[in-house]
Structures are given as C-alpha cells and as structure tokens.
2 protein chains.
Amino acid sequence: MKKTGVRGLAQATGLSVATISRVLNNADNVNKDTRERVLEAIRAAGYKPNPAARALATKRTRTIGAVVPTLAHSIFARFLNAVERELAQFGYALVIATTEGEPEAEERRVGELMDMGAEALILSGAEHSQALLARLDAAGVPAVCTSVCETANGLPAVGYDNCDIGRAAVTHLASVGHRRIAVLHGPKSDNDRTRLRIAGVENGARRAGVSVILQETALDVEGGVEGARALLDGTQDFSAVLCLSDVIALGVLFECNRRGLTIPKDISLMGCDDLDWAANSTPPLTTVRLPTARMGALVATSLAGLLDEDKPIRTARLEASIVERASVASPAE
Amino acid sequence: MKKTGVRGLAQATGLSVATISRVLNNADNVNKDTRERVLEAIRAAGYKPNPAARALATKRTRTIGAVVPTLAHSIFARFLNAVERELAQFGYALVIATTEGEPEAEERRVGELMDMGAEALILSGAEHSQALLARLDAAGVPAVCTSVCETANGLPAVGYDNCDIGRAAVTHLASVGHRRIAVLHGPKSDNDRTRLRIAGVENGARRAGVSVILQETALDVEGGVEGARALLDGTQDFSAVLCLSDVIALGVLFECNRRGLTIPKDISLMGCDDLDWAANSTPPLTTVRLPTARMGALVATSLAGLLDEDKPIRTARLEASIVERASVASPAE
DNA sequence: TTGTAGGCGTTATCAG
DNA sequence: CTGATAACGCCTACAA
C-alpha cells in the first residue's frame, strides 16, 4: 500500500525521507538529478506538505494574528488590507479577530490567537491590559501596537502621532482665521488614539489662542449627524467644526446640507483619515491624511523581518499630512 | 528535568498522558477528582496545548479561509466581520486573503489557504476557475460561494439573488413613475454579481415597460461622480439613476449637489447595499438592503455545522429588501 | 476509570 | 550528497 507524505515519496523514488525533506525546503546540498527526480515524484503524486506536521517540527506556523475593534470601519479594513497584502509576500497568513466594541475582549481574543499558533500579534492602539501584556511575554510572543507611535508598555509601535494630528488640525483651522472651533470626536473611553488627538487639539488651541468646544459622539455617520445637531442647536458659537474621524465629518456634512448650511461659506468642516470619498464630496473635504496603507505595509515587513531574520522591530512614526481641499475657508465676518 | 506538554503533566500528576488528553478534550469518562487534579496541574504549569501537534494528530486545524476581492470595500469588510464574529463562537479562526482586483489571483490565494491548512473556504461570487474547482475537490476541501444564491459548479451558495435585486430596484422605480432610468454599475468583467444585477435590471425594465441606460463605472465614490457626470453631460434623458452599489450612489449624490440638482426633486436616486451612511444622507437614500451580516453569520454556522457535525451545507437564498427613504420620488414632468 | 503504545507527517541530527 | 532515526506534542485504539 502507498504510504503518505514524504514517506510515500521516499518509497516512490527509492530515496530517503531526509532527501525528500531537503528538496522540499530547497536545501543546497542535494544532487541536481536527485532533486529533479524528487520534484517529478512530487508533481506526479500531487503532494502537498502537511502544514501541521511542519509546524510541529519547526515550531513555526507562519501565521500572524491581528486584533482590531471591528472591520466595519474602513479605517481598520484598509489597514488590514495592506497588512494582508504585504504579509502574503512573505508567506505569512493573517488571521483576524475583532473585539466588537468590548475592549475587555481584547485579552481573550489575543489568547485565542496565541492558542491557535499565531507567531506574532498586531494590536490596535497603545494601551493594553496588564494581563494581556503578561500573557504575551509569558509566551514570548512578539506584538506591535498600531495607529500610535509610542507606547508605555515596552511594545514597539508602528503608526502616527495622534497628538500631533489633533494639534495640526486645529492649528490649520486657526491659521485661516477660526477662533472658535467645535470638535466632534468619537468615544474617549477605551480609545487612546481619540484621547491623544483631543489632547493635541487642546494643546494646539492653547498655542494658537483659539477656543474649542469638545463634543463626543458615536463613531459613525449617524454620530456625525447627531453631533452636528447638538452643536448647531446649542448656544455656543463656532465657525468651524473639526471631526476627529471622517465618518463623523460625513454626518456633519449631511446635516449641514439638510439645514441649508453651505460649507465652507457658513461653516468650515475638517475631518481626519482621508477616506476614499473625501476627495469627491461636495465640497471636497479638507482632512488629515493618515498613512494607513503605509502603516499596514510597514507593520507587515517589520513583523516578517523579526520572524524571518530576527531584526528587532523599530518603533516607527509615520507622517500624517493635512490635505487642503474646499471644506475649509476663512470665517465670514 | 521537566518534560514538556502532556507528558510533563502526566509526570507531574502521576497520571498517564491519555488521562491528561481526556480532560483536555473534556471527555466524559474521567473521574471528577482526577480531572480536578489535572486541571490544577494545568493551571500550575500554565500549560497550553500545542495547536500544531493537535492538528497533526486530529487532522483538524479549526481554521477557515476566506478570499475576497478586497477589504477596502465596506461590503466585504462588513461581511467578514460577521463571519469572524460567528466563527469565533464555534472556535474557528478566520484567515483572510484578498485578490486585490486580479481575479486570476483567486486560485493562487485559495491554494495558499489550503496549503496553510484551511479546512474550508469562503469564496466570493459564483464563478470560479476550473483549476480552482479541481483543486478543491482533489483535496476534498469544502467551500461556499457567497453573495450569490446559486452556482453552476456544484458548490453550495449562501447569499442573495442578485438578479432579483436588480429587478426589484427598477420595478420600484418604475412603480413610482419613472420611465427612463439610468443605471450606474461597477465593472462587469470578473464580477458575476454585477452581471446578474444588470440582467435583473433589464428584465425588470422590460416587464415594466420602462427603458434603461446602462453605464459602467469604477466601483467607488469617484466612479459614482464620474458616472454621474457622463450621464448628466450626455444627451440621454432620464428621471432616475439607479446605482448598483451604494458607494457609487454616494458619488452621484455628491455630483448632483455640486450641480445644484436636488434629489429627489430634479432626479431620483436609488442605491444598493444599504451602507451605514445611507439612512443619514441628505436626502436619506432609498436602497436595497443586502443581508450582509446575516449572510456572514449563516456562512459561518453552515461551515461549522459541516465541519463539526457534517451537516451538508444547504444553499441559502437570503431576502434582500427595498428600504424606501427619501431619495426617490415620482418624476416631475 | 486509567494506562500503554503507536501513529500523525515533517524536520533535523548524525553517521556514512 | 544521502540515509537512519529520533524528536516534535498530542490523540486514540486497545488493554487492563
């Protein structure tokens, strides 16, 4: 009866499993003819190495896990898209886990990913529970924090400076003359990036001598609509609204349209992310472009570099840039 | 010296590996006290079963692969989000592969997924290369086609009826009085769902006795803008534009805003997908709601059912429904 | 209820 | 350059 796997090939070729294994991993020390013979047998048998057996023997799974809040926000989807594309280049598979808005789930998800053999992990943001960190280094599993450019827990980070982003955004608004700026942002709780951006906004406002009105809302279009309503129906005065996420800005845009407010004549609008519709909206949205795709690619190459040639991961700070379009103008009066 | 794995635990507890393994897989035939003792040892040792070894012994990886065109379109991201959530309930990991707009890459990606041990695959659309199909059943790897409700290749499908969707959409438009309808759709090549929707549109138009103007464009907001321009600058007359994807509709909405055309007074607009902004746009978008999340969940449970209790996957046709909002009205004339 | 022993398919270490 | 053979860590008949 035909044996399976390398054994079968060994039998078929009259060689030993060692030799088969060698050509499988293209080791150099194998006779050209022998190799050809093996290759032929492999082809003939339609042989595929068993990944589990290989993983067991090598202790490498070539799998990397990523845990993100959700895939439903295109910012994460775009990021993971880039990660996946790049990881594939290096022969790594990406397995995804979402926390669906319960940050407490992060540790659990990380555990599941580790339990299924992930060799490294991609995390969102800089803050992670002590338990999670403990687990990581108990198992010696490397991890990278993303969307941030520094952490206080020893993990490397690959991302952008959220504080700077907030600061740059208000500064830009102030520079064209806005003195009172409404700032719409997503939930602060469990989102260090939002908190960082807000801190940057406050810092920038102070420096520029302008005042900000902070308003928290849900991180989606509806949240933008509601935030705009609260702001517009409120008693506070402002000439521009800065949204710390483009999705929120889209809601504001819609709500302004609804009220017959024209942007940027009646009110200036600025976002953050530079989602794909931003260049095509009416008016085109001035926003902060986040290097999402570059970040994804860099995370992937960093991880591959670490795993394949154990180059330590260097924390990287990618530049975000303001892209001026038509939704911001100098205030009227 | 301490041994590793189950062997170590066996030694530590004075039991045999078999017993350890039994409690690990919570077999019922193990003494309550014994089990407790093992559990304690496991806790004490911080023991984690090695997934590769387990996979090797059981021939199960508890991993499912999905190949989608991209994660950058929220329709796929939302779908996979649902798949992931549900799969996690059953203890399966989701590994994702994207084809990034080269459909020829699908077979390669499928191969990679199989080579890394995926037990089943989730495919997009009903059409797949012969080679891919051959590979699947050569390896005996089950697969489901999604976003469609039937296939001609023997694979089960879980999704919706795209033809019906197109038909329902024009029919709706016709029912409120539109006689000439412009239809904006994404690339037909390599997208059977789009082709199906178009077929439905044509069929519905014929039945309702209305005429359609088909226009292909890129499947993104910019594509919508450009499509709208082509249509609006063209010589053909129409009172409504039906977009076979909401992203395209968003572009049309923006372009109409830009031209001072008000929807639905000057022109009616209808989309397809029901993305999250659709309910909040100005005006709120009338669209066809695709059961993306339900589809994802069903795909996941179907696969789990097949793998865990080998219940064959039943092709399922999920209902899409028109959600009437304010972007469609009877034509003026 | 518990233990023994063999196998899952590769890789890797030594010899030859 | 090639071949035995022992891991790798877990599961699972078959026995006891």
Side-chain angles (χ1 to χ4, degrees), chain A residues 1-39 41-42 45-63 91 114-117 119 139-140 308, chain B residues 1-42 45-63 91 114-119 139-140 308:
Chain A
M1 173 228 159
K2 274 224 141 125
K3 312 205 62 163
T4 58
V6 288
R7 230 115 165 166
L9 294 176
Q11 192 164 295
T13 55
L15 292 164
S16 73
V17 295
T19 303
I20 307 293
S21 181
R22 286 189 189 101
V23 346
L24 243 30
N25 301 288
N26 24 222
D28 43 334
N29 52 342
V30 53
N31 184 303
K32 199 126 172 51
D33 295 349
T34 311
R35 151 160 304 155
E36 214 40 72
R37 189 143 57 94
V38 175
L39 255 20
I42 287 180
Y47 166 83
K48 291 287 182 193
N50 176 317
R54 175 170 292 184
L56 179 56
T58 59
K59 301 181 181 310
R60 308 272 283 97
T61 58
R62 300 204 78 79
T63 286
M114 289 176 33
D115 289 351
M116 73 140 316
E119 294 187 52
D308 290 344
Chain B
M1 175 227 157
K2 274 224 139 118
K3 312 204 67 161
T4 58
V6 288
R7 221 88 120 216
L9 293 176
Q11 191 164 299
T13 55
L15 293 164
S16 74
V17 294
T19 303
I20 307 293
S21 180
R22 284 186 191 104
V23 347
L24 244 31
N25 301 290
N26 25 204
D28 43 335
N29 53 342
V30 52
N31 184 304
K32 199 127 170 50
D33 295 349
T34 312
R35 153 161 301 156
E36 213 41 69
R37 189 142 59 95
V38 175
L39 254 22
E40 177 49 33
I42 287 179
Y47 167 83
K48 291 287 181 192
N50 177 319
R54 175 171 299 191
L56 179 56
T58 60
K59 298 179 181 315
R60 310 272 283 96
T61 59
R62 298 203 78 76
T63 286
M114 287 175 35
D115 288 350
M116 71 141 315
E119 294 187 51
D308 290 345

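A note on names: the letters A, B, ... follow the listed sequences, proteins ahead of strands, and every chain is numbered from 1.
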>> Output the rounded distance in Å from CD (B:Q11) to P (D:dC10).
In response: 14 Å
> To the nearest 0.5 Å, how far apart are CG in B:L9 and OG in B:S21?
Replying inline: 11.0 Å
> For B:R54 and D:dC11, what is the distance between atoms CZ and P respectively, to the nearest whole Å?
Replying inline: 5 Å
>> Restricting to side-chain contact (heavy atoms from CB on, under 4.5 Å), what partner residues turn up for A:D33, sequence neighbours left out?
In response: A:N31
> Considering the terminal five base pairs at each end of the helix from C:dT1-D:dA16 to C:dG16-D:dC1, what angle separates the two local helix axes, rounded to 10°?
Replying inline: 30°
>> Between B:V23 and B:I42, is the side chain to side chain contact (heavy atoms under 4.5 Å, CB included) condition met? List the steps.
In response: CA-CA 10 Å; B:V23 347; B:I42 287 179; 4.3 Å; yes
Mind listing the N/O atom pairs, protein and nucleotides 3-7 of chain D, below 3.5 Å?
from, atom 1, to, atom 2, distance (Å)
D:dG3, OP2, A:S16, N, 3.0
D:dG3, OP2, A:S16, OG, 3.3
D:dG3, OP2, A:T19, OG1, 2.9
D:dG3, O6, A:R22, NH2, 2.6

> Below 4.0 angstrom, N of the basic side chain to O of the carboxylate: do B:R62 and B:D308 qualify?
Replying inline: yes
> Quick check: does any side chain N or O of B:T61 sit under 3.5 Å from a backbone N or O of B:A55, one acting as donor and the other as acceptor?
Replying inline: no
> At what distance, to the nearest 0.5 angstrom, does CD of B:E36 lie from CD of B:E40?
Replying inline: 8.0 Å
> Do any N or O atoms from the side chain of B:R37 and from the backbone of B:T13 form a donor-acceptor pair under 3.5 angstrom?
Replying inline: yes
>> Let's go through A:V38 and A:L24 carefully: what are the C-alpha distance in whole Å and the side-chain angles of both, what is the deciding distance for side chain to side chain contact (heavy atoms under 4.5 Å, CB included) to 0.1 Å, and is it a yes or a no?
In response: CA-CA 9 Å; A:V38 175; A:L24 243 30; 5.7 Å; no
> Using a heavy-atom distance cut-off of less than 4.0 Å, which residues of residues 26-36 of chain B contact DNA chain C?
Replying inline: B:N29, B:V30, B:N31, B:T34
> B:I20 CD1 to D:dC11 P: how many Å, rounded?
Replying inline: 11 Å
>> Using only atom types and a distance under 3.5 Å, with no angle test, would you say the side chain of A:T58 pairs donor to acceptor with the backbone of A:R54?
In response: yes
> Looking only at heavy atoms, what is the nearest atom pair of B:A27 and B:R35, with distance?
Replying inline: O-NH2, 2.7 Å
> Counting just side-chain N and O atoms, does B:N50 come under 4.0 Å of either OP1 or OP2 of D:dC8?
Replying inline: no
>> With a strict under 4.0 Å distance from non-hydrogen atoms of chain B, what nucleotide opens and what nucleotide closes the contacted stretch of DNA chain C, reading 5' to 3'?
In response: C:dT1 to C:dG9
> Can you tell me how far OG of A:S16 sits from CZ of A:R7, rounded to the nearest 0.5 angstrom?
Replying inline: 11.0 Å
> Which residues satisfy the side-chain contact (heavy atoms from CB on, under 4.5 Å) test with A:P51, sequence neighbours excluded?
Replying inline: none
> Which of these, A:N25, A:I20, A:T19, sits in a side chain to side chain contact (heavy atoms under 4.5 Å, CB included) with A:R22?
Replying inline: A:T19
